[in-house]
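I have placed the structure first, in the form of structure tokens, so that the comments after it can refer back to it.
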Amino acid sequence: MALGKARLAGAAAAVVAIGFVGVVTLGTYAASGVPERSGQLSLSSGTVPAQYRPQIQKWGTLCPEISAPMLAAQLYQESGFDPSAKSPVGAQGLAQFMPGTWAASSVDGNGDGKRDVWNPDDAIASAASFDCEMARAVAKVPGDRQANMLAAYNAGPYPVIQYQGVPPYKETQGYVKSIQSLAESFTAPPDPGVQLALSKEAAGAIYFAQSKLGIDYMWGGTGQTWEDGRFDCSGLTQVAFKSVGIDLPRVANDQWYSGPHPSRDQLRPGDLVFFANDLEDPRTIHHVGIYVGGGYMIDAPHTGAKVRYDTINQRDYIGATRVTPDGAAALPTRNKNDGTITASQGPAKS
């Protein structure tokens, strides 16, 4: 349940007024900025596996209606960047094409003379090509050209033409909103801009995490009674943001995509900070904490430790995420049994 306005305000006041968090937070505002929407729309560092980044950046400029971050958001939504993904209904590969759609609309992305749905280069190029095909099909429809394209990608061009915009289909409207919101997580942050005070939601999440200091770590823990109130790293961050009405996924490498990624000098208290085994591959993220300012976070580090303050100045620091409600809501669903992406709404899925 979300915190009420009075409780959120109290949490904010408590965080900035007392204890360690108050000291480090007040010293952070002058050095931290707020990312604004960038016209460059290049990929944010660490959001895409390194081997796919050049192709996504290249094909993300194929037509004006798409961008590299939007294309990355689609691929993540479809498969979680798994080139071997196969859905229960038969969608295949990184971009989750149905065989019939692949046969009609795929392209040879790497110039080897083949169109292989399991080849990431071909899949990325074909996803961009299909996007632009849909954009051309609905080019005369008024309104947001990218939204119309995404609606055509999901529902086909004819409903978009019929309704002269995004059709009144719940799934299609959700798909358009999800991809455009998720794209913000893949967009490189601009230079530091205007200064903002600590948000009530961020303060509430810190307040919750601060109340758990000293509690023992438990792998898989989410603070349940039968777990003696213990947490692991992503369990702590998930429940902290749940306390302010934001639903995060269970695992850290999915939480990574729940909002835009501020650079190190743009960090604000309440940002999630992440650590990975391979700084070029977000799929290797293994730890997350809640930034509190001054180079420190609250985290549940490992078995045998307690929830505590730790420095973020570690060699495996991959970056940070500024959680937003829309960003969290846009994330795809994972299969509880095998961890694969199960929410697939791309080309010709129905």
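- Ion pairing of Asp281 with Arg283 is present here, as a side-chain N (NZ or NE/NH1/NH2) and a carboxylate O approach within less than 4.0 Å.
- Phe231 CZ to Gln238 CD: the interatomic distance, rounded to the nearest 0.5 Å, is 10.0 Å.
- Here the closest non-hydrogen pair linking Ser178 and Ala330 is O-CB, 3.3 Å.
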Going through the checks in order, is the side chain to side chain donor-acceptor pair (under 3.5 Å) test met by Tyr217 and Asp299? CA-CA 10 Å; Tyr217 174 96; Asp299 67 330; over 6 Å; no
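- Within a 6.0 Å radius of CD in Glu280, no more than 12 heavy atoms belonging to other residues, nucleotides or ligands are found.
- For Cys233 against Val288, the heavy-atom pair with the smallest separation is CB-O, 3.5 Å.
- Across every non-hydrogen atom of Tyr291 and Leu267, the tightest pair is CE2-CB, 3.7 Å.
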One pair to check against side chain to side chain donor-acceptor pair (under 3.5 Å): Ser263 and Asp265. What are the steps and the verdict? CA-CA 6 Å; Ser263 60; Asp265 61 352; 2.6 Å; yes
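- Shortest non-hydrogen contact noted between Ile318 and Trp256 is O-CH2, 4.1 Å.
- A salt bridge links Arg250 with Asp232: at least one charged nitrogen is closer than 4.0 Å to a carboxylate oxygen.
- Of the charged side-chain nitrogens involved, none lies within less than 4.0 Å of a carboxylate oxygen, so that Asp108 and Arg115 do not count as a salt-bridged pair.
- Between Phe81 and Tyr257, the ring planes lie tilted relative to each other; the angle falls in the 30° to 60° range.
- By the 6.0 Å contact criterion, CH2 on Trp118 is enclosed, its count of non-hydrogen atoms from other residues, nucleotides or ligands being greater than 12.
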